[in-house]
Amino acid sequence: MPDSATPRAVVQNATVAMRLAEAFARHGVSVTFGQSLPSAFHLAAPQVGIRQAMYRQENMGGIMADGYARISGRVGVVTAQNGPAAALLVAPLAEALKASVPVVALVQEVNRNQADKNAFQELDHIRMFDAVAKWVRRIDRADRLEDYVDMAFTAAASGRPGPAVLLVPADLLTDSAAPPSPRRASLGIYPLDRSMPDPALIEQAADLLASAKAPLVLAGGGVHLSDATAALAALQAEAHLPVGTTVMGKGTADENHPLTLGIIGYVMSPGARSHKLRAMVERSDVVLLVGTRTNANGTDNWTMFPEGTRFIHIDPDPQEIGRNYEALRLVGDARLTLEALRAALAKRDLSARMAARKRIAGEIAEAVSDWRGRIKEVSTREGRRVRPERIMAELDSRMTGEEIVVGDASYSSMWVGQFLTARRAGQRFLTPRGIAGLGWGLPLAIGAQVAAPDRRVICLAGDGGFGHSWAELEMLRRHELPVTLIVLNNGILGYQKHAEQVKFGEHTDAVDFTEVDHALIAQGCGVASLRVTEASQVGPALDEAFSARRPMLLDVVSDPEARPPINYYAGHFDEPY
């Protein structure tokens, strides 16, 4: 709602654009990611305390809103004009839909009297967004504005979170508005409504876990979305349960905890922290799935669990439970359900779990020790063509557990996931794993930094991915965002090239780049940069970037033969890869 500094005349004689800004402010919106259009909204918004965070490329704003939402715990908002800018929201909203991130997209439509006349940049936005959003509506009447805004935020933040799209004709925004709304509800936080499964099902789940010979928890990104990391930690500690995570679930469990396996799934081959824990996963007889889609990556193409394993699945979306594994259905919020499950287990005999704890912790410790020995040489290797493992080791040694680290899609997410340590539970590792869009690391980092201006944000991106988002360097400078951007400059599209070599024995021409000096590109945008060509330069470069408290790009000339520990590569390359 308007603050005390807003002139009363503005409130009483407002346009629809002002009422729209007031409605967004009522839902706790303080920043929107947008370019100029819808201009009427952006001109009105500052009067109610909403600032505009700009983006350069029209497909970047939605990703920024996604990163903002993941860190802030609030619905992210992106705006776009009709036509190509709206079309370029499709991929970011698809990521938000698959990754369950709440985003509201405010999209300008053509004037109402121009609809279906081939007006400039007119598209059927409802059909276009229908496949990538939970909810899409057009506001055609000023007196229904508050209804539709509330529906948009409710759709985005309730149940399984996701994107909602609100379409507003340009001429409606400049119409005179209805009187101020009496509504006071604030719907911009998520989860908006926390629900619980049937208590009888909680008791059944507790019986299964208490009597299991080899139980395992697989935690996904939904644990972060529910702010359920503390509940999971309590369950892990008190019920003596080993916990593995998906890539998006990294940070749901403290990786220094003796019962935390780390990331499991498609990245468990030699060179992975969890490589020697595959046997523990494969002998599990009861698996508690929490906030995971049981997708291909998280389950190694559904080959990870043995036949006969019984599953318990906690998820707010009933359609996800049983999609790939028949399970005891605990439909509800992860935090409340984990707390209830913990209370139910506390009433049961957990002596068998306690007796097994030392053995399980020892097996995990031995596997992690073996992994550290296996990667020691490559993580300390000197010389040119810097290994990513060396970069991650230097970065990990400087992390306190408070930093936010963003990995771009492809190899960058895997380097971050496997070689950085989640020192305590919490949402501090962001990766675009919904549809894994390449080039989304930098805009995710920008959104995260806007959400947490006082925290250190580090982004790791390959040169292939970074090529999609160069223009946003200027945004770092314009917004004075002190993001540290590390570019792995190996001159190739690594995942594509190496996977083609494994599958076909050769690779396409598209995977090899000509040489690019990304440090010079940064300098051209007014962003400080360093070019790193020797392994010994990595640590000092990180120290300089961290002490600067300004945006800085590190262009690291890295080894094109370095490969993360993907199961698909096992037996095809020397190890570590």
Side-chain angles (χ1 to χ4, degrees), residues 17 20-21 23-25 27-42 44-45 50-109 123 125 128-129 132-139 148-149 152-153 155-157 161-168 173 187-188 190 430 432 434-435 437 439-440 442-451 468-469 471-472 475 478-479 481:
L20 187 61
F24 274 51
H27 295 306
V29 176
S30 60
V31 60
T32 60
F33 295 88
Q35 292 184 327
S36 291
L37 300 176
S39 300
F41 172 81
H42 285 301
I50 299 175
R51 67 186 179 92
Q52 183 180 3
M54 288 70 69
Y55 55 86
R56 286 289 294 263
Q57 294 171 268
E58 290 176 328
N59 58 335
M60 294 288 125
I63 308 165
M64 294 176 189
D66 178 323
Y68 177 88
R70 295 194 204 193
I71 293 300
S72 69
R74 308 199 66 86
V75 175
V77 176
V78 60
T79 69
Q81 71 181 86
N82 48 288
L88 286 166
L89 276 179
V90 169
L93 294 187
E95 168 70 25
L97 182 70
K98 296 293 283 186
S100 307
V101 179
V103 171
V104 167
L106 176 65
V107 177
Q108 179 174 285
E109 291 269 52
L123 284 171
H125 292 131
M128 182 176 73
F129 287 123
V132 296
K134 290 178 63 180
W135 181 95
V136 188
R137 296 291 190 279
R138 178 188 292 112
I139 306 175
Y148 281 104
V149 171
F153 278 86
V165 181
L166 193 60
L167 307 170
V168 185
L173 289 168
L187 308 172
Y190 67 94
L430 305 187
I435 59 171
W440 293 5
L442 178 55
L444 273 176
I446 289 174
Q449 189 74 85
V450 171
H468 289 258
S469 52
E472 304 311 320
M475 287 294 95
R478 195 191 309 188
H479 293 304
L481 300 174

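Computed from a predicted structure; not experimentally measured.
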[X] side chain near [Y] side chain, heavy-atom distance below 4.5 Å:
X: F129; Y: L89; result: yes
X: L106; Y: T32; result: no
X: V101; Y: R70; result: yes
X: L444; Y: P432; result: yes
X: L430; Y: I71; result: yes
X: L481; Y: V450; result: yes
X: M128; Y: V90; result: yes
X: M64; Y: E472; result: yes

Contact summary for [X] and [Y], nearest pair of heavy atoms:
X: A96; Y: P163; answer: C-CD, 3.8 Å
X: A25; Y: I50; answer: N-CD1, 3.8 Å
X: P102; Y: A156; answer: CB-O, 3.2 Å
X: S469; Y: G439; answer: OG-O, 3.4 Å
X: V78; Y: G62; answer: CG2-N, 3.6 Å
X: V31; Y: A53; answer: CG2-CB, 3.9 Å

Side-chain ([X]) to main-chain ([Y]) donor-acceptor, under 3.5 angstrom:
X: Q52; Y: G34; answer: yes
X: Y55; Y: P443; answer: no
X: R137; Y: A164; answer: no
X: E95; Y: G434; answer: yes
X: K98; Y: I435; answer: no

Problem set entry | Qualifying residue for side chain to side chain contact (heavy atoms under 4.5 Å, CB included) with Q35, from E58, H42, M54 | E58
For this session: Just do the side chain to side chain contact (heavy atoms under 4.5 Å, CB included) check on V75 and V29 with the steps written out, would you?
Result: CA-CA 8 Å; V75 175; V29 176; over 6 Å; no
For this session: Using the six-membered ring wherever Trp is involved, compare the ring planes of F24 and F153 and label them parallel, tilted or perpendicular (cut-offs 30° and 60°).
Result: perpendicular
For this session: Would you check, one step at a time, whether the test side chain to side chain contact (heavy atoms under 4.5 Å, CB included) holds for I446 with Y68?
Result: CA-CA 8 Å; I446 289 174; Y68 177 88; over 6 Å; no
Nearest 0.5 angstrom please: [X] [atom1] to [Y] [atom2], how far?
X: Q108; Y: S36; atom1: CD; atom2: OG; value: 10.5 Å
X: L123; Y: L167; atom1: CG; atom2: CG; value: 11.0 Å
X: W440; Y: H468; atom1: CH2; atom2: NE2; value: 10.5 Å
X: N82; Y: L37; atom1: CG; atom2: CG; value: 7.5 Å

For this session: Kindly write out the residues that satisfy side-chain hydrogen bond (donor to acceptor under 3.5 Å, both in side chains) with E109, not counting sequence neighbours, or none if the list is empty.
Result: H125, R138
Seminar exercise, completed: Residues at least two apart in sequence or cross-chain that pass salt bridge (charged side-chain N to carboxylate O under 4.0 Å, His left out) with R56, listed by chain then number, are E474
